[in-house]
Amino acid sequence: MLGRLLGNASQSLLKRVSHIMKPKVIFVLGGPGAGKGTQCSKIVEAYNYTHLSAGDLLRAERGREGSEFGQLIDNYIKEGKIVPVEITISLLRQSMEETMTKDQTKSYFLIDGFPRNEDNLQGWNRVMDGKADVKFVLFFDCSNEVCIDRCLERGKSSGRTDDNRESLEKRIQTYLNSTRPIIEQYQKHGKVRTIDASRSVDQWKEQQVEELLPDLSTVSIMLVFADVKAILDKEA
């Protein structure tokens with residue numbers, strides 16, 4: 001009897017620990033250049049969240065010496081194609097586990113640029129079912145033209161091989177064909193929070209923000225983040 005009670009108590013404790021340690025995930029989606037990375041950085045500054053960029057993790061793995069996936073990832077990125085889901089999920093899961101092992105208060109994760117297609121979504125559900133709690137999708141809605149212009153401007157200093165018009169047009173097409181349907185699936189379940197990521201300085205003037213900043217792109221970022229913050233504060 002005592003053995004069973006102790007056994008049940010141990011199992012109950014393990015379940016509670018498992019629940020506490022289960023990562024809470026917000027998928028961050030939008031076209032290339034929609035500002036996902038910039039806004040995620042601001043969220044990290046304001047909240048106790050960890051930002052994981054699927055693209056950054058893949059690029060880091062591509063450049064890691066001795067990586068068995070480096071060349072494969074490089075080929076996919078240059079062609080504007082989506083890297084096999086097994087590689088991406090492995091990198092995401094490893095990063096979440098490492099983060100939570102170092103600091104158990106770090107349980108909220110912004111996963112930027114994932115899931116990007118049906119294969120990604122099915123792979124996530126297959127591998128991470130019961131292991132992570134997906135809260136919602138934070139969708140940065142931005143026109144294709146604005147996305148391309150932003151990426152071309154970024155490409156002047158980013159050093160990224162995919163910040164060129166040819167790669168961008170392929171990436172935009174991949175996004176429209178593969179990622180938008182995923183966003184629509186989550187919308188049907190009421191799990192999408194949409195942000196207008198094309199906010200302009202004209203809107204800044206209309207809203208009469210008190211202080212004019214010298215960098216007008218910073219004003220646009222502030223406008224978008226105000227919307228992001230309103231959503232996160234409400235959801236929290």
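It should be emphasised that the depicted structure is a prediction, and the values quoted were computed from it without experimental measurement.
Qualifying ring-ring contact (aromatic ring centres under 6.0 Å, His included) partners for Phe27, counting only residues two or more places apart in sequence or in other chains: Trp124. Scanning for ring-ring contact (aromatic ring centres under 6.0 Å, His included) contacts around Phe225 gives an empty result, with sequence neighbours left out.
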* Hey, mind stepping through Leu110 and Thr50 against side chain to side chain contact (heavy atoms under 4.5 Å, CB included) and telling me if it holds? -> CA-CA 6 Å; Leu110 302 164; Thr50 299; over 6 Å; no

* To do: Determine, step by step, whether Glu235 and Lys135 satisfy the salt bridge (charged side-chain N to carboxylate O under 4.0 Å, His left out) criterion, reporting the C-alpha distance in whole Å, the side-chain angles of both residues, the deciding distance to 0.1 Å, and the verdict.
  => CA-CA 9 Å; Glu235 294 292 338; Lys135 310 301 288 185; over 6 Å; no

* Show your working on side chain to side chain contact (heavy atoms under 4.5 Å, CB included) between Leu58 and Ile87 and close with a plain yes or no. => CA-CA 8 Å; Leu58 289 167; Ile87 297 175; 4.0 Å; yes

* Asked: Stepwise, does the side chain to side chain donor-acceptor pair (under 3.5 Å) test hold for Asp233 with Tyr47?
  -> CA-CA 10 Å; Asp233 288 346; Tyr47 301 87; 2.6 Å; yes

* To do: Run the numbers on Lys24 and Ser107 for side chain to side chain contact (heavy atoms under 4.5 Å, CB included), then give the verdict.
  => CA-CA 6 Å; Lys24 302 170 186 65; Ser107 61; 3.7 Å; yes

* Start with the C-alpha distance between Ile111 and Ile26, add both sets of side-chain angles, then the distance that settles side chain to side chain contact (heavy atoms under 4.5 Å, CB included), and finish with yes or no. => CA-CA 6 Å; Ile111 298 186; Ile26 297 173; over 6 Å; no

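Rounding to the nearest 0.5 Å places OG1 of Thr179 at 8.0 Å from CG of Asn120. In this structure, the separation between OG1 on Thr194 and CG on Leu29 is 10.5 Å, given to the nearest 0.5 Å. The distance from atom NZ of Lys36 to atom NE2 of His51, rounded to the nearest 0.5 Å, is 9.0 Å. Put simply, OG1 on Thr174 and CD on Glu169 are 12.0 Å apart, with the number rounded to the nearest 0.5 Å. Here the CG-CG distance, from Asp149 to Asn144, works out to 11.0 Å after rounding to the nearest 0.5 Å. One distance of note links CG of Asn164 with CD1 of Ile148; it measures 11.0 Å at 0.5 Å rounding.
Residues Val83 and Met128 fall within the same hydrophobic cluster, defined by Ile, Leu, Val, Met, Phe, Trp and Tyr side chains chained together at heavy-atom separations under 4.5 Å. Under a hydrophobic clustering in which Ile, Leu, Val, Met, Phe, Trp and Tyr are joined whenever their side-chain heavy atoms come within less than 4.5 Å, directly or via other members, Leu52 and Phe69 fall into the same cluster. Under a hydrophobic clustering in which Ile, Leu, Val, Met, Phe, Trp and Tyr are joined whenever their side-chain heavy atoms come within less than 4.5 Å, directly or via other members, Leu168 and Leu176 fall into the same cluster. In this structure, Ile82 is not a member of the same hydrophobic cluster as Ile73, with clusters built from ILVMFWY side-chain heavy atoms closer than 4.5 Å. Neither Phe140 nor Val146 shares a network with the other; the hydrophobic side chains, linked directly or stepwise wherever heavy atoms of I, L, V, M, F, W or Y lie under 4.5 Å apart, form separate groups for each.
Contact between Pro32 and Cys147 at its shortest, heavy atoms only, is O-CB, 2.9 Å. The shortest heavy-atom contact between Gly123 and Val85 is CA-CG2, 4.1 Å. Contact detail for Arg150 and Gly35: the closest heavy-atom pair is NH1-N, 4.2 Å. The two atoms that bring Gly113 and Ala54 nearest to each other are O-CB, 4.0 Å, heavy atoms only.
Annotation: salt bridge (Lys or Arg N to Asp or Glu O under 4.0 Å) contacts involving residues 49-59, sequence neighbours excluded, comprise Asp56-Arg59. Here side-chain hydrogen bond (donor to acceptor under 3.5 Å, both in side chains) pairs that include residues 60-70, with residues two or more places apart or in two chains, are Glu61-Arg64, Glu61-Ser67, Arg62-Asp74.
More than 12 heavy atoms of other residues, nucleotides or ligands lie within 6.0 Å of NZ in Lys106, so this atom counts as buried by the packing criterion. Sparse packing is recorded around CG of Asp129, with 12 or fewer heavy atoms of other residues, nucleotides or ligands lying under 6.0 Å away.
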Result block: side-chain N/O donor-acceptor pairs under 3.5 angstrom for residues 181-192, not counting sequence neighbours:
residue: Gln185; atom: NE2; partner: Glu118; partner atom: OE1; Å: 2.6
residue: Lys191; atom: NZ; partner: Val134; partner atom: O; Å: 2.7

Please report, to 0.1 Å, the donor-acceptor pairs under 3.5 Å made by any side chain of residues 88-98, with sequence neighbours excluded.
residue: Arg93; atom: NE; partner: Glu97; partner atom: OE2; Å: 3.2
residue: Gln94; atom: NE2; partner: Glu98; partner atom: OE2; Å: 3.2
residue: Ser95; atom: OG; partner: Leu91; partner atom: O; Å: 3.0

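With no hydrogens or angles considered, no side-chain donor-acceptor pair links Asn75 and Glu79 at under 3.5 Å.
Side-chain contact between Thr99 and Phe109 is present, with at least one heavy-atom pair separated by less than 4.5 Å. No side-chain heavy atom of Asp141 sits less than 4.5 Å from a side-chain heavy atom of Ile195.
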